[in-house]
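Below, chain A is the first sequence line, B the second, and so on; all start at residue 1.
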Protein chains: 2
Amino acid sequence: MTVYTPGQVAEETGFSLDTLRYYERIGLLEPVERNAAGQRRFSEEDVGWLGMVRCLRDTGMPIAAMLRFAQLVRSGDHTVADRIGVLESHDAAIEAQITLLRERQRAIQRKIQYYRDVQAVAELRETPDPARR
Amino acid sequence: MTVYTPGQVAEETGFSLDTLRYYERIGLLEPVERNAAGQRRFSEEDVGWLGMVRCLRDTGMPIAAMLRFAQLVRSGDHTVADRIGVLESHDAAIEAQITLLRERQRAIQRKIQYYRDVQAVAELRETPDPARR
DNA sequence: ATGGCACCTGGAGTGGGCTCCAGGTCAATG
DNA sequence: CATTGACCTGGAGCCCACTCCAGGTGCCAT
């Protein structure tokens, strides 16, 4: 059974040491195993769960919602349907997020084009008729 | 020249009255015109700028960056190239955001599929051999 | 044995972005 | 002429998600 030091986990998951401790404190992570000196040793399972947390966080799920999901995961197999429900609705939320992002992006791109046109006109003014320069 | 009351602007832009006042306070909005009673009357231009702010906010631009952009807009035509630069790099940031979101979304969808498989196996266990029920 | 390093704890502090509040002004409506 | 409702101000408060800190432990290499 492989175990990971806090430093390794931070490296792998991209969470800071402080964030890892914070997640454990608030119960997003179950109490992590310790070695004789009291230092954390993360299991494969911990690291896997942190991967899930990474996905959910990066897609905008608030910590409170992740805590509820964590509760489901800990409550055993009879919650599998509920977990699917949570993830499906989050999947839909991500889709909506992307749709909005694309919409706003198009508006910004139109603005860029507008500024380019403004520039082009300005240049025309500088050299109104190339043939006559 | 049409003007808009705070309520109308809130309605149209989706920003709350408090947020509109906050944006003016921090200088994201230039001092808004007032009527005789000291109440705000937003111009078309204000509303247009708020549309831009909406786009930038919704796509994750921090307020500090929007303030810098606002400065460029106010500094006159010679900043058009800079504005294009800001918007282009923000456009790229949005693209990156969407790419990450899609990546995470795929991982979540794989997880959903995994849970569905777990469920299927569980059902098999309940009725191991349909022919023999 | 001495330094350096990775880690530990509880608790306080930070930053971003609003959001709320008390107490007040004005204009229109019943 | 009293009430209602939309608005005003300055300032405090809030929520989220970390992040930092002081003071301490244990282990390893020089």
Side-chain angles (χ1 to χ4, degrees), chain A residues 2-43 46-47 49-50 52-70 90 93 97 100 104, chain B residues 2-43 46-47 49-50 52-70 90 93 97 100 104:
Chain A
T2 335
V3 293
Y4 301 84
T5 65
Q8 288 168 336
V9 176
E11 176 76 14
E12 251 183 65
T13 63
F15 291 120
S16 75
L17 295 174
D18 271 321
T19 299
L20 291 173
R21 288 192 277 258
Y22 167 68
Y23 282 173
E24 184 177 350
R25 255 204 319 260
I26 64 172
L28 187 52
L29 218 48
E30 281 190 281
V32 175
E33 294 295 305
R34 304 304 182 104
N35 70 2
Q39 300 190 343
R40 289 175 180 78
R41 294 297 171 237
F42 294 80
S43 67
D46 291 330
V47 174
W49 169 245
L50 284 168
M52 188 76 218
V53 170
R54 179 89 273 166
C55 281
L56 298 176
R57 278 303 295 129
D58 283 355
T59 51
M61 184 180 285
I63 283 182
M66 292 197 297
L67 278 174
R68 287 192 293 277
F69 185 70
H90 187 58
Q97 218 184 128
L100 181 70
R104 300 311 193 207
Chain B
T2 336
V3 293
Y4 302 83
T5 65
Q8 288 168 336
V9 176
E11 177 76 14
E12 252 184 64
T13 63
F15 292 120
S16 75
L17 295 174
D18 269 322
T19 299
L20 291 173
R21 289 193 276 259
Y22 167 67
Y23 282 173
E24 184 177 350
R25 256 205 318 261
I26 64 173
L28 187 52
L29 219 48
E30 282 190 280
V32 176
E33 294 295 304
R34 306 304 181 103
N35 69 3
Q39 299 191 343
R40 288 175 182 79
R41 294 299 171 233
F42 293 80
S43 67
D46 290 330
V47 175
W49 169 244
L50 283 168
M52 189 75 218
V53 169
R54 179 90 271 165
C55 279
L56 297 176
R57 277 304 295 130
D58 283 355
T59 50
M61 184 180 285
I63 283 181
M66 292 197 298
L67 279 174
R68 287 191 294 276
F69 186 70
H90 187 58
Q97 219 183 127
L100 180 70
R104 301 308 194 208

Just how far, in rounded Å, is [atom2] of [N] from [atom1] of [X]?
X	N	atom1	atom2	answer
Met66(A)	dC18(D)	CE	C1'	12 Å
Ile26(A)	dT9(C)	CD1	C1'	17 Å
Asp18(B)	dG11(D)	CG	P	16 Å
Leu29(B)	dC18(C)	CG	P	13 Å
Tyr22(A)	dA12(C)	OH	P	16 Å
Leu28(B)	dC18(C)	CG	C1'	13 Å
Glu11(A)	dA6(C)	CD	C1'	14 Å
Arg25(B)	dG16(C)	CZ	C1'	14 Å

message: Are the side chains of Pro6(B) and Arg41(B) in contact, using a 4.5 Å heavy-atom criterion?
response: yes
message: Does any part of the side chain of Gln39(A), heavy atoms only, come nearer than 4.5 Å to the side chain of Thr5(A), both counted from C-beta?
response: no
Donor-acceptor pairs under 3.5 angstrom involving side-chain atoms of residues 20-30 of chain B: please list them, not counting sequence neighbours.
unit_1   : atom_1 : unit_2   : atom_2 : d
Glu24(B) : OE1    : Arg40(B) : NE     : 2.6
Glu24(B) : OE2    : Val32(B) : N      : 3.1

- request: Evaluate the side chain to side chain contact (heavy atoms under 4.5 Å, CB included) criterion for residues Arg104(A) and Arg54(B): first the C-alpha distance (whole Å), next the side-chain angles of each, then the deciding distance (0.1 Å), finally the verdict.
  value: CA-CA 8 Å; Arg104(A) 300 311 193 207; Arg54(B) 179 90 271 165; 3.8 Å; yes
statement: The correct set of residues in residues 54-62 of chain A placing a heavy atom under 4.0 Å from DNA chain C is none
- request: Would you check, one step at a time, whether the test side chain to side chain contact (heavy atoms under 4.5 Å, CB included) holds for Val3(A) with Glu33(A)?
  value: CA-CA 9 Å; Val3(A) 293; Glu33(A) 294 295 305; over 6 Å; no
message: Holding to side-chain hydrogen bond (donor to acceptor under 3.5 Å, both in side chains), I want the full list of residues that pass it with Thr13(B), two or more places apart in sequence or in another chain.
response: none
task: Quick one: list whatever passes side-chain hydrogen bond (donor to acceptor under 3.5 Å, both in side chains) with Asp46(A), sequence neighbours left out.
output: Ser43(A)
task: Could you tell me whether Tyr23(A) contacts a base, only the sugar-phosphate backbone, or nothing, with contacts defined as non-hydrogen atoms closer than 4.0 Å?
output: sugar-phosphate
query: Any side-chain N or O of Thr19(B) less than 4.0 Å from the OP1 or OP2 oxygen of dT19(C)?
result: yes
message: Each nucleotide in nucleotides 2-8 of chain D should get exactly one letter: B, S or -. Can you fill that in based on protein heavy atoms under 4.0 Å?
response: ----BSS
Set of ring pair (Phe, Tyr, Trp, His ring centres under 6.0 Å) partners for Tyr4(B), sequence neighbours left out: none
field: From CG (Leu50(A)) to SG (Cys55(A)), nearest 0.5 Å
entry: 11.5 Å
